[in-house]
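Below, each value reflects all heavy atoms present in this structure, side chains not excepted, and no hydrogens, waters or symmetry copies. Chain naming here is simple, since letters A, B, ... match the order of the sequence lines and numbering starts at 1 in each.
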Amino acid sequence: MIINLKNILKTYPECESPALNNINLSIKSGEIITLLGPSGCGKTTLLRLIAGLEKPDQGEIYIKNNQVTGNQIWVPPEKREVGMVFQDFALFPHLNVQQNIAFALQNMKISEEQKKNKINSIIKLVGLSGLSSQNPADLSGGQQQRVALARALIQDPLLVMLDEPFNNLDMNLRSKMQKEITNIIHKSGTTAVFVTHNQKEALSISNKVIVMDKGQIEQKGTPRQIYEKPKTKFVASFVGQSNILSGTIGKEKNTVITPLGRLSCRTDHNKKPGTRVDLSIKPEDIKINSSGSIQGTILSQKYKGQYVEAVISIKTSSNTKSPNKNLNIYLTPDDSYKKGDKLSLSIPPKNVNIISS
Amino acid sequence: MSENTFSLNLKTVNQIAQKTGHSIKNMWPSRIPLILIPPVLIITLSLAVPLIYLVIRLLQTDASIWNLLLRQQTLQALLNTLLLSGAVTISSIIIAVPLAWLTVRIDFPGRKLFSILTIVPLVIPSLIGGFTFISAFGRGGFIHQLLQWLNINFVPDIYGFGGAWILLTLLCYPYVLLTVRSALMNMDQSQIEAARTMGLNPLKTFFKVTLPKLKPAVTAGGLLIALYTISDFAAVSLLQYNTFTRLIYIEYQTSFNRIYAAVLALLLVMMSLIIVSLEMKNQNNNHYYSVGAGTKRHLMKITPGKWKWLGTGFCSLVVLFSLILPAGTIIYWIFRGLRQGEELIIRPEAAFNSFYVSFLAAILTVSSALPIALVSTHYKSKFSGFIQNIAYAGYALPGIVVALSLVFFGANYGRLFYQTLPLLLFAYVILFLPQALGTLRSSLLQLNPHIEDAGLIIGFSRMQILHKIILPLLKPGILSGAALVFLTSMKELPATMLLGPIGFRSLTTEIWNATIEAFYTRAAVPALILIIISSFSLAIIFKRKEDTEQKCQLQES
Ligand SMILES: Nc1ncnc2c1ncn2[C@@H]1O[C@H](COP(=O)(O)OP(=O)(O)OP(=O)(O)O)[C@@H](O)[C@H]1O
Ligand SMILES: [Mg+2]
């Protein structure tokens, strides 16, 4: 384990609710992790606690099994060996690119020769050759970001943390930099934590995703697990805009009774029949199927480029309170449906995900 | 229009202003309205006239200017002035930068208290600084008496360079402290944090990251101090150190032909103009941009461990000499005066004079500044830039120079006015116009530009906009500008001495005379009054600064 957090509680002065509440987390060497969550959920605070830029009210932090934060224990940031790429890059405007990158080396006890080599190889790694004597002010956003990354990587940190690194970049540059930066990090072999509030980004850049909400960890897992098997309502709706339904586990095997009628569902739950549950269904998993069991009417459609997002109103089975239930589904732009058209829908059982409620 | 309907109107104007996304400023004519030109020209020119007159007189004189310039005395004064302002600036920086860093970043015992107390010496005008310094350390001063009581026969030599240097440093260091403190607080915190994560301890971070970024702030504060020092009259005169200001005064008093004083005055103006222009340059280079954007965070204070009392000790020492000693001295003399039953501890006439002259000065100055402020904020042209520069050049005019040039002018052309109140008031206007202008301009610039556009859309004429929108919104700026001028005039010494009507007494002249004659008890009460007064002006300046910052934050979010 490179990082271990135990029962972290952090409340900012003059804030009522904690910014972080009972966080337990461990990070293995070589992992690339993203912290995903809406604005204000405490992602930055978590990074700052690990870096030693903020003190928690309670809890312990270990770096490589050495305690750095805890009762009576405090290791200052300069002794923690974690690199950080700040949300605003935090480049030093009074230093040029090379001086910015070399900044972290001034405290290291290695020869000038070694320093030079280190600087050159890192400049090559992040692709900034030829720009070493530029001022950060004269660089593009993507270049500035690479300087910040080089600066964080050059001290061979145990862990490098990147706070919303792609936020200040435009769309094209953003996806390009996502690839480049993850590449660089893979090549350097460091452990990395990315912070983002963009779910697509989270799923594509890392091999482990931690979803946070309101200062708490909602779910940890591989991108696939997070996307396909959300464990909480929040994760289901934050990652991939799922339809959330409430229902009861049915008597027959692998069925669930919902406002849409009886659906077959995934088998990987061990709930007794009659248990009330929530379930999530991704819009793209709902198929138009003339022999489907669910009947609905198109309420509205929104053109989104690759697909059309449609809201379908479903007549619910009579024993539920509300007479209609709306489902989001995706249509292909070629289907030329109109508002008011009637559709038959079906949902493959493997896509009906039971959320433990 | 009643108060109510008016405020309603203003509200709609404001709402429209927010809706019209972009400015339609170009609906304003690009030329300055003709009615504004005469007052602006007259005011600006009358600012320049005395100085121009001084130059003309010099050119007409028979005496060889070169001879005057190259007098041993002149060179000595030049050297003294440079030496003193350099020394005071450097020593102030050496005191103030650590103070700023300590009070902003380090969590030592008493930090909050000291971050206020170390700024407070700003309220001590140099005249009062001089009075307390002499009456504490000089012969017959209370430290002297204390030493005698202890049977130590020793009088520290406070006169000359050493005393002036120490005194002015104690009076001036808060200027650097202020600029550096605010730079530290507004500094991009993440750069400091980045340095920490890159393995630098707090002290190293200070030298490698913080200090380089403080350069513009240190320069700005330092130049302010240099300007203060070369134009200071009271402290150097009381401590008998021959800088330009003191020499000018002596020449004025003792010699019949005042040409030499005029030469010195012009030299002094040149020096201060150089400093002011350096300051402008510094401001322009000051845009140390910070890369990217992001939420500003509070930086964790550094907990200094076993060294923490060092911070407390350093701050206490500074506060002891710069604040407690002068305040204690004043109180000592007041008590002594009371105990010895001195009846006339203050002349009511002096207080009254100070109040009412300053009051008139405030009204006159602000009304002169208003048209200039309007023109310079609303019209970007060479003319308005020129006007503004002339007005700001007033910052470079030491009180003694303005006084002297008006003495010249008055003695030759304005016999009618010479040594009358109007001429004194005119001097105040010249001296304090830049202050009023600064306040008004910053208030004007803070107005949402769309407000005026919205007024135009509604169909107001420009006069109506001025009358119904700008002036009401400007009221707080006008009031605080006037208050500032009022309070500063109260503290003015050299112009009051040279230009006041014969027998004119003010608080400052009382202190001056009493100190020179070593009647310290007589100076104490006016000194106390002036300190209280100048605390008010400081409070106004800080209040305005706070408001401005809040408004800026609002506009950003
Ligand atoms: N210095 C501070 N003082 C007080 N409250 C703070 C401070 N910093 C953060 N907070 C609060 O703590 C909570 C978590 O903030 P944090 O910056 O960690 O969120 P985040 O997930 O990084 O959000 P974002 O995506 O907007 O950057 C927020 O409610 C925020 O308002
Ligand atoms: Mg954040």
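Residues A/Q87 and B/S190 form no side-chain contact, since every pair of their non-hydrogen atoms from C-beta on lies 4.5 Å or further apart.
A/Q106 and B/K208 share a donor-acceptor pair across their side chains, judged by distance under 3.5 Å alone.
Among pairs with a residue in residues 180-208 of chain B, those fulfilling ring pair (Phe, Tyr, Trp, His ring centres under 6.0 Å) read B/W101-B/F206, at least two apart in sequence or across chains.
Distance CZ/A/R48 to OG1/B/T197: 10.5 Å, rounded to 0.5 Å.
Nearest heavy atom pair, residue A/Q155 against residue B/G199, reads OE1-N, 4.4 Å.
Heavy-atom neighbours of A/K115 NZ from other residues, nucleotides or ligands within 6.0 Å: above the threshold of 12.
Residues meeting the side chain to side chain contact (heavy atoms under 4.5 Å, CB included) test with B/L224, sequence neighbours left out: B/Y175, B/E279.
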Check your understanding: Step by step, would you call B/K215 with A/H94 a side-chain contact (heavy atoms from CB on, under 4.5 Å)?
Key -> CA-CA 11 Å; B/K215 234 194 258 161; A/H94 60 293; over 6 Å; no
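Looking only at distances, no side-chain donor or acceptor of B/Q191 sits under 3.5 Å from a matching main-chain atom of A/P93. Remark: the backbone N or O of B/M198 is not paired with any side-chain donor or acceptor of A/E78 at under 3.5 angstrom.
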